[in-house]
Amino acid sequence: MQFIFKISTQQITTKSSLFFCLLWLFAFGMGHTQHTTDSLRIRNLEQVVLTATRTQRHLSSLPVAADIVTGDEIKKINSIRLTDILSEQTGLITIPDFGGGEGIQLQGMDSQYTLILLDGVPLVGRSAGTLDIRRITTDNIRQIEIVKGASSSLYGSDALGGVINIITQSDEIGFQANVSHQIASFNNHNTSSNIRYNQDQLGVDVFLNRFSSDGFDLMPDDLLQTVNPFVNYTTTARFTYDFSDKIKASIYGRVYQENQENASLLSGDIVLSGENNVEEFNLNLNVYWNLADKWHSELEFYSTKYHLDSFLNYPNNDRFSGSDFFQNLTRPEIRTIFSPNEKNTLIGGIGYAQESVQRNDFLSNPKFNSQYLFFQYDTHPLQGLNVIAGFRFDSHSEYNSQFSPKVALRYQLTRDFAVKGSVGYGFKAPDFRQLFLNFANRNVGYVVIGRQGVEERLRELAIENQLTTDSVNRLIQIIKQFNQPLKAESSIAYNAGLTYGPSKTLNMSVAYFRNNISNLIETLPIARLKNGQNVFSYLNLNEVFTEGLEYNFKWTIMDHLNLKGGYQLLFAADKEVEKDFEEGTVFARENPDSPVIKLNEDDYFGLFNRSRHMANLKLFYEVPSWDFDTNIRTTYRSKYALFDTNGNTHLDVYDNFADDYFILDFAVNKIFLNHYIFGLGVDNILDFTDPPNASNIAGRVFYASLNINL
């Protein structure tokens with residue numbers, strides 16, 4: 001394995017150089033300053049993460065790459081968009097998809113490879129491959145746990161790149177109630193109400209949220225709006241009851257509804273209009289029992305349903321197109337934790353999942369069934385050494401069984417230094433769309449066929465005389481490519497890092513990561529239509545990798561003044577394309593008027609929509625005597641490209657790139673009369689917009705909020 005960093009002055013702009021210099025100056029300039037109290041250190045040590053090991057572990061002691069966004073930080077930055085919160089974390093960036101949703105790219109891995117959990121259970125509704133995380137409100141989030149690297153050993157499919165767990169459950173004792181409202185640019189209104197009661201044996205938590213927006217338009221000269229107006233509602237309820245000291249139960253329900261205007265352009269100047277309607281339902285039943293001091297068990301029954309109804313009409317209100325997508329997941333699971341002593345913990349579990357989809361452009365109404373089991377051993381065999389080893393086995397009705405092992409270790413070298421590393425296998429099963437889709441785009445004219453229906457649909461197109469003569473002549477040869485089933489995508493993930501805490505006020509970490517992805521499922525043309533468009537389907541083809549370094553620090557400069565930041569250096573590439581560049585078989589023009597030249601390996605930039613450099617810096621300040629806090633935060637993303645612009649289908653240094661950019665945010669909060677919290681702020685102070693490349697960034701946003709604690 002070879003890893004070479006190639007950073008030239010051309011790759012780092014003046015803006016980015018200034019940013020990195022400031023970041024390192026803040027991190028090391030006063031690294032040994034000790035003004036904080038021990039209470040601050042204790043509070044940091046009490047950050048507990050559940051997602052990484054499925055057991056309660058202090059974040060600072062974990063051998064795997066993980067991070068936490070606390071509820072306190074979420075409240076202080078006043079963000080109502082989960083995408084904004086996640087984009088401020090090292091190694092994460094939110095990416096808009098063609099359907100208007102937003103997914104999360106983690107360490108250069110596509111959003112489809114990151115498993116999104118809500119209180120430990122997965123959300124469904126990846127109608128276009130991306131789970132739109134905009135539908136998760138932030139007002140009742142207690143903390144967000146981010147685990148980087150393959151996590152299929154505990155969570156199975158979709159955790160190939162990592163896991164993000166949004167946790168809403170609170171264990172606070174007593175009665176709490178609050179009402180909040182935020183008004184912002186673009187006529188954004190966000191209203192929430194939360195009532196919590198936790199006393200004796202009974203716990204009740206009811207949460208209501210309404211969010212509406214007029215959307216925004218980054219290109220007012222065209223006929224369409226960038227993001228259309230919408231309104232959504234979230235209702236959740238959780239009830240817990242302690243039957244005894246040894247047996248507890250909880251039931252959690254969530255309902256989400258959204259209505260958004262839908263529009264598309266037909267034939268240049270004909271605007272089609274309609275609606276997108278989303279309904280989502282989640283139900284989670286849990287029973288916990290502790291019949292012996294060293295044994296803890298949990299029975300979980302989870303069911304979720306997702307429904308998307310979308311349509312477009314002609315200007316005369318006749319129906320142009322409609323899409324109906326319904327997905328259902330039911331999953332019982334039982335887990336047991338055995339802790340024979342303080343140095344050893346074993347966790348095991350078994351489960352069954354049944355998943356079904358109904359969609360009007362599917363070949364059938366498929367159902368998936370799978371059984372799985374997992375096991376993990378967490379041990380401290382030597383003083384300062386922690387080892388975690390585990391595996392998961394998945395047996396699935398539509399693809400080959402998967403065995404997913406993982407091992408991680410952490411060793412405390414000295415009081416200040418610790419090293420850690422992990423190796424894990426991850427996989428992502430072919431989804432319903434890749435197996436059963438039967439879609440014909442009426443506007444453009446192309447066709448997309450899922451793997452299971454290629455032979456039947458191609459023969460139909462041939463009989464209907466829609467295929468070119470060449471495609472008909474190659475029909476048997478094309479079909480032979482699909483005799484074998486589509487394989488699950490897989491990854492071997494490596495993470496190695498060093499943490500350094502020279503004082504109570506400063507903590508730093510640096511980590512190397514590498515993800516090798518095999519059997520990548522690509523959407524490729526397999527035949528040609530007489531209208532000039534292609535027939536597409538899904539095949540296992542290339543192998544890709546993402547590789548890089550991450551640096552993070554947290555520094556308490558003085559009492560109530562905290563600085564934190566991070567930086568990621570990323571290389572992401574297709575191994576076959578790398579080989580083509582090395583062999584000199586790729587050509588391009590330096591500009592439209594220049595002659596064609598042969599490209600070499602240094603001209604290959606990598607995968608599309610990846611930035612070589614990303615960084616973040618956040619400064620938080622509190623004045624407790626005034627009940628006042630403020631913060632200023634910035635994120636940086638270096639240049640990237642979404643498309644090939646010089647005709648060789650690859651991303652090289654002569655393509656057109658989106659410029660690097662900064663996002664600068666500011667927030668201030670003041671408590672009045674012990675019960676009223678008033679907030680003001682500006683997101684994207686510099687008013688950065690880039691409609692062709694960053695359609696999810698709206699421009700400068702002013703807001704004001706009021707939170708009333710009853």
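Being a predicted model, the structure only gives us computed values, none of them experimental.
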Sole candidate of Phe391, Phe375, Phe393, Phe374 that passes ring-ring contact (aromatic ring centres under 6.0 Å, His included) when paired with Phe403: Phe391
Inter- and intrachain pairs under salt bridge (Lys or Arg N to Asp or Glu O under 4.0 Å), touching residues 147-168, at least two apart: Lys148-Glu550
Nearest 0.5 Å please: distance from the CG atom of Asn495 over to the OG atom of Ser422. 4.5 Å
Between Ser151 and Gly149, is there a donor-acceptor pair closer than 3.5 Å when you use the side chain of the first and the backbone of the second? yes
For the CG atom of Asn552 and the OG atom of Ser509, what is their distance to the nearest 0.5 Å? 4.5 Å
How about Ser404 and Ser153: does a side-chain donor come under 3.5 Å of a side-chain acceptor? no
Side chain to side chain donor-acceptor pair (under 3.5 Å) against Tyr372, all qualifying residues, sequence neighbours excluded: Glu333
Establish, from distance only, whether the side-chain atoms of Tyr411 and Asn386 form a donor-acceptor pair under 3.5 Å. no
Please indicate whether Asp245 has more than 12 foreign heavy atoms, meaning atoms of other residues, nucleotides or ligands, lying under 6.0 Å from its CG. no
Where the side chain of Arg196 meets the backbone of Gln176, is there a donor-acceptor pair that is under 3.5 Å apart? no
Could you name each residue pair satisfying salt bridge (Lys or Arg N to Asp or Glu O under 4.0 Å) that touches residues 369-388, not counting sequence neighbours? Arg57-Asp378
For the residue pair Trp295 and Phe338, categorise the inter-ring angle as parallel (less than 30°), tilted (30 to 60°) or perpendicular (more than 60°). parallel
Nearest 0.5 Å, what's the CD-NZ distance between Gln412 and Lys420? 11.0 Å
Do the two ring centres, one from Tyr288 and one from His296, sit under 6.0 Å apart? no
Counting neighbours of CG on Leu117 that are heavy atoms of other residues, nucleotides or ligands and sit closer than 6.0 Å, is the number greater than 12? yes
Could you go step by step and tell me if Glu88 and Arg633 meet the salt bridge (charged side-chain N to carboxylate O under 4.0 Å, His left out) rule? CA-CA 8 Å; Glu88 292 184 0; Arg633 314 175 315 276; 2.8 Å; yes
Using side-chain contact (heavy atoms from CB on, under 4.5 Å) as the criterion, point out the one residue from Leu346, Ile347, Val387 that pairs with Tyr377. Leu346
Tell me if the CD atom of Gln383 is crowded by more than 12 foreign heavy atoms within 6.0 Å. no
Can you tell me if CG on Asp416 sees more than 12 non-hydrogen neighbours from other groups inside 6.0 Å? yes
For the residue pair Tyr252 / Asn286, report whether a side-chain donor-acceptor contact shorter than 3.5 Å exists. no
Ignoring hydrogens and geometry, is there a side-chain-to-backbone donor-acceptor pair from Ser397 to Asn369 under 3.5 Å? yes
Within-4.5 Å side-chain heavy-atom neighbours: Ile77 and Phe620: yes
Is the distance between the ring centroids of Phe513 and Tyr494 less than 6.0 Å? no
So, taking the atom named CG in Leu115 and the one named OH in Tyr155, what distance separates them when rounded to the nearest 0.5 Å? 8.0 Å
Donor-acceptor pair between Thr635 and Asn616 side chains, under 3.5 angstrom: no
Mark yes when over 12 heavy atoms from residues, nucleotides or ligands other than Lys246 sit less than 6.0 Å from its NZ; otherwise mark no. yes
Determine whether a donor-acceptor pair (N or O, by modelled atom type, separation under 3.5 Å) exists between the side chain of Asn540 and the backbone of Asn519. yes
Does the side chain of Thr546 come under 3.5 Å of the side chain of Asn515 through a donor N or O and an acceptor N or O? yes
Please answer whether the main-chain N or O of Ile521 pairs with a side-chain N or O of Glu489 as donor and acceptor at a distance below 3.5 Å. yes
Over 12 non-hydrogen atoms of neighbours within 6.0 angstrom of NZ in Lys75: no
Taken to the nearest 0.5 Å, the spacing of Lys248 NZ from Glu298 CD works out to 11.5 Å
For Tyr425, does its backbone N or O pair with a side-chain atom of Lys406 as donor and acceptor, under 3.5 Å? no
Would you say the side-chain atoms of Ser611 pair up with the backbone N or O of Met614, donor to acceptor, closer than 3.5 Å? no
Is there a donor-acceptor contact under 3.5 Å linking the side chains of Arg514 and Asn516? yes
Using the benzene-type ring in the case of Trp, are the ring centres of Tyr551 and Tyr567 under 6.0 Å apart? no
Look at atom NZ of Lys575 and say whether more than 12 heavy atoms of other residues, nucleotides or ligands are closer to it than 6.0 Å. yes
